[in-house]
Amino acid sequence: MKKAAFSLIAAPALLFVLAALTDNGHIWQGIRECYLRGYGNAQVDDLQFKTFRTIHASKHPAPWPISPKYAESIPASVLDSTERFGTVALAIVHRDSLFLDWTSDRIPGADTMRTNGFSMAKTLTALAIGAAVTDSLLSVDDPVSQYLPRFQGGPGAGLTIRHLLQMRSGIQFGESYKSPFGFMAKSTYGHDILDRTAEYAIHEGAGAPWQYQGGNTLILQEILLSVIDVPLGVWFSETIWKPLGAEQDAAWDIDNQGHERNYCCFYSRARDYAKLGKLMLDSGRAGSSQIISRAFMSDMMSPIGELPDGSSIEHYGYQVWLGTHRGHAFSSMHGLHGQYIVAVHDLDLVVVRTGFSQPKGKRRNLDVDVYYTIDFALNFLSGT
């Protein structure tokens, strides 16, 4: 009996020590947040487990003007699909007016839940860089080595901020969220996330191929921190979130050093997320203020185009996805499990979707569900 009891105590202790010695101590947090809740990876309702920085709302919030056709309900024809995929919230803003602000009545707490936008935070990081460019603190064509000495000499010498914005660093971080031992899992649940990027180097030179990886976004935070005197989240709040007239505080997950997990883990609600889509529609203008230069926003939402390896990237800009649907060009912030902020430019339309899962599949390099989300908005507006 004593031997059995000892084994029950010793085995977990040994596993804990082994995890720490092999740089896998993060797995315990991952188990707590995901596996013990029945999920295979991170979910939109995990703010309860996070240490976060409050991204303060505006002292002068700008509520959306309400359309005469405003609704808080959605057509019965789409209720089944929203329930099947665990949709938390949907919002539609058209011509500056709020047409829809819907939250699920099947998901506990949906009406107040600040959901994890996951990789939508990558686009927020690009916007934060844009604010710094607008303030002449840096240029997208600056070499990264100007700010981070470890890139001086060798293949890293040619790396620019633009390369990082466009996911063309040539650094092999890996992007799998399924591996509990990969770079993304260690960054999402572990400590010292900016120090972790220093373990990776460019082997053949920057510029090609295009490879979507959150590690690029982390390096952008490092660069930004070298030219501002506040954390990324504070910078974002002061230069973007407050000027947009955000109505509610948001949250951004931080590590043990107070650094934002800025490739993911920004938390807000649909009607405030929509303000970020409006910022894209208005080319960096918030009200009467140009908070990010039109030139930067234009470049941000322009396709990368042809690369030195002969490929042509038409579906991505600066940490933002690009596409066309029904003849309409759109820019979109995407996040794991189908988080979307979509700006359909010629229609002056923003649609936001948050939720637990999404239909699978790709179309023209983008989640097929982003097209369904646009269809939902267009069909909704045509029926109002």
Side-chain angles (χ1 to χ4, degrees), residues 44 63-107 110-111 113 115 117-120 123 244 247 268-283 301 315 320-384:
V44 295
W64 290 108
I66 302 298
S67 166
K69 299 179 179 179
Y70 172 76
E72 293 181 342
S73 60
I74 57 177
S77 59
V78 297
L79 282 172
D80 285 346
S81 64
T82 58
E83 182 178 352
R84 185 182 326 126
F85 294 107
T87 301
V88 174
L90 292 161
I92 297 173
V93 174
H94 185 223
R95 296 173 182 166
D96 297 348
S97 293
L98 187 65
F99 273 69
L100 176 68
D101 185 15
W102 174 87
T103 55
S104 172
D105 60 3
R106 303 290 183 90
I107 297 172
D111 57 339
M113 187 185 299
T115 53
F118 293 112
S119 288
M120 294 199 302
T123 315
L244 283 176
E247 297 180 61
S268 186
R269 299 189 63 200
R271 62 191 297 156
D272 270 341
Y273 274 140
K275 293 182 184 297
L276 295 163
K278 180 63 175 168
L279 185 66
M280 292 195 292
L281 284 184
D282 290 344
S283 299
M301 295 183 288
H315 60 280
V320 69
W321 299 88
L322 308 171
T324 58
H325 188 50
R326 297 190 187 182
H328 304 290
F330 64 87
S331 304
S332 183
M333 307 181 193
H334 287 196
L336 184 69
H337 304 311
Q339 322 309 312
Y340 304 116
I341 305 171
V342 187
V344 186
H345 296 269
D346 65 323
L347 298 179
D348 198 6
L349 170 67
V350 176
V351 55
V352 177
R353 186 269 179 185
T354 65
F356 283 83
S357 66
Q358 67 189 112
K360 303 302 181 186
K362 299 283 185 181
R363 183 191 302 172
R364 298 191 294 275
N365 298 294
L366 274 65
D367 294 346
V368 68
D369 192 38
V370 75
Y371 302 104
Y372 299 157
T373 300
I374 296 171
D375 281 339
F376 165 79
L378 296 178
N379 293 339
F380 181 89
L381 291 173
S382 67
T384 57

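Everything quoted here is computed from the prediction, not taken from an experiment.
- Using a 4.0 Å cut-off between charged side-chain N and carboxylate O, Arg84 and Asp80 make no salt bridge.
- Arg364 places no side-chain N or O within donor-acceptor distance of the main-chain N or O of His315, the cut-off being under 3.5 Å.
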Original post:
Checking side-chain contact (heavy atoms from CB on, under 4.5 Å) for the pair Asp367/Tyr372: CA distance, chi angles, key distance, verdict?
Top reply: CA-CA 9 Å; Asp367 294 346; Tyr372 299 157; over 6 Å; no

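- For the atom pair Leu336 CG and Ser357 OG, the distance stands at 10.5 Å (nearest 0.5 Å).
- Between Leu281 and Val93 the shortest side-chain heavy-atom distance does not fall below 4.5 Å.
- Note: Asp101 CG to Tyr70 OH = 4.5 Å, rounded to the nearest 0.5 Å.
- No side-chain heavy atom of Ile374 sits less than 4.5 Å from a side-chain heavy atom of His328.
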Original post:
salt bridge (charged side-chain N to carboxylate O under 4.0 Å, His left out) between Asp348 and Lys278: does it pass, once the steps are laid out?
Top reply: CA-CA 8 Å; Asp348 198 6; Lys278 180 63 175 168; 3.6 Å; yes

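- Atom CD1 of Ile92 sits about 13.0 Å away from atom NZ of Lys69, to the nearest 0.5 Å.
- Considering every non-hydrogen atom in both Leu322 and Ser331, the closest pair reads CD2-OG, 3.6 Å.
- Contact record, Phe99 with Leu381: CD2-CD2, 3.4 Å, taken as the closest heavy-atom pair.
- In this structure, the side chains of Val350 and Tyr273 stay at 4.5 Å or more apart for every pair of heavy atoms.
- When all heavy atoms of Thr103 and Ala110 are compared, the pair lying nearest together is CG2-O, 3.8 Å.
- How far CD1 of Ile74 is from OG1 of Thr87: 7.5 Å, rounded to the nearest 0.5 Å.
- Between Tyr340 and Ser332, the shortest heavy-atom distance links the atoms CD2-OG, 4.4 Å.
- Counting heavy atoms of neighbouring residues, nucleotides and ligands inside a 6.0 Å radius, atom CZ of Arg95 does not exceed 12 of them.
- To the nearest 0.5 Å, the span separating CE on Met120 from OG on Ser268 amounts to 8.5 Å.
- Nearest heavy-atom pair across Ser73 and Trp102 is CA-CD1, 3.9 Å.
- Proximity of Glu247 to Arg269: side-chain heavy atoms (C-beta onward) are nowhere separated by under 4.5 Å.
- In terms of modelled atom types and a separation under 3.5 Å, the side chain of Glu72 and the main chain of Leu100 share no donor-acceptor contact.
- In this structure, Asp369 contributes its side chain and Pro359 its backbone to no donor-acceptor pair below 3.5 Å.
- Closest heavy-atom contact between Gly338 and Gln358: N-OE1, 3.0 Å.
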**OP:** Start with the C-alpha distance between Phe118 and Val44, add both sets of side-chain angles, then the distance that settles side-chain contact (heavy atoms from CB on, under 4.5 Å), and finish with yes or no.
**Re:** CA-CA 8 Å; Phe118 293 112; Val44 295; 3.6 Å; yes

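- For an aromatic pair to be called close, the ring centres must be under 6.0 Å apart, and His345 with Phe330 fails this.
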Original post:
Stepwise, does the side-chain contact (heavy atoms from CB on, under 4.5 Å) test hold for Tyr371 with Arg326?
Top reply: CA-CA 9 Å; Tyr371 302 104; Arg326 297 190 187 182; over 6 Å; no

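- In this structure, Arg353 is not positioned above the aromatic face of Phe376 in the sense of NZ or CZ being under 6.0 Å from the six-membered ring centre and within 45° of the axis.
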Subject >> Verdict with reasoning, Leu378 to Leu349, per side-chain contact (heavy atoms from CB on, under 4.5 Å) >> reply: CA-CA 9 Å; Leu378 296 178; Leu349 170 67; 3.8 Å; yes

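- Rounded to the nearest 0.5 Å, atoms OG1 (Thr123) and CG (Leu279) are 11.5 Å apart.
- In this structure, Trp64 contributes its side chain and Arg271 its backbone to a donor-acceptor pair below 3.5 Å.
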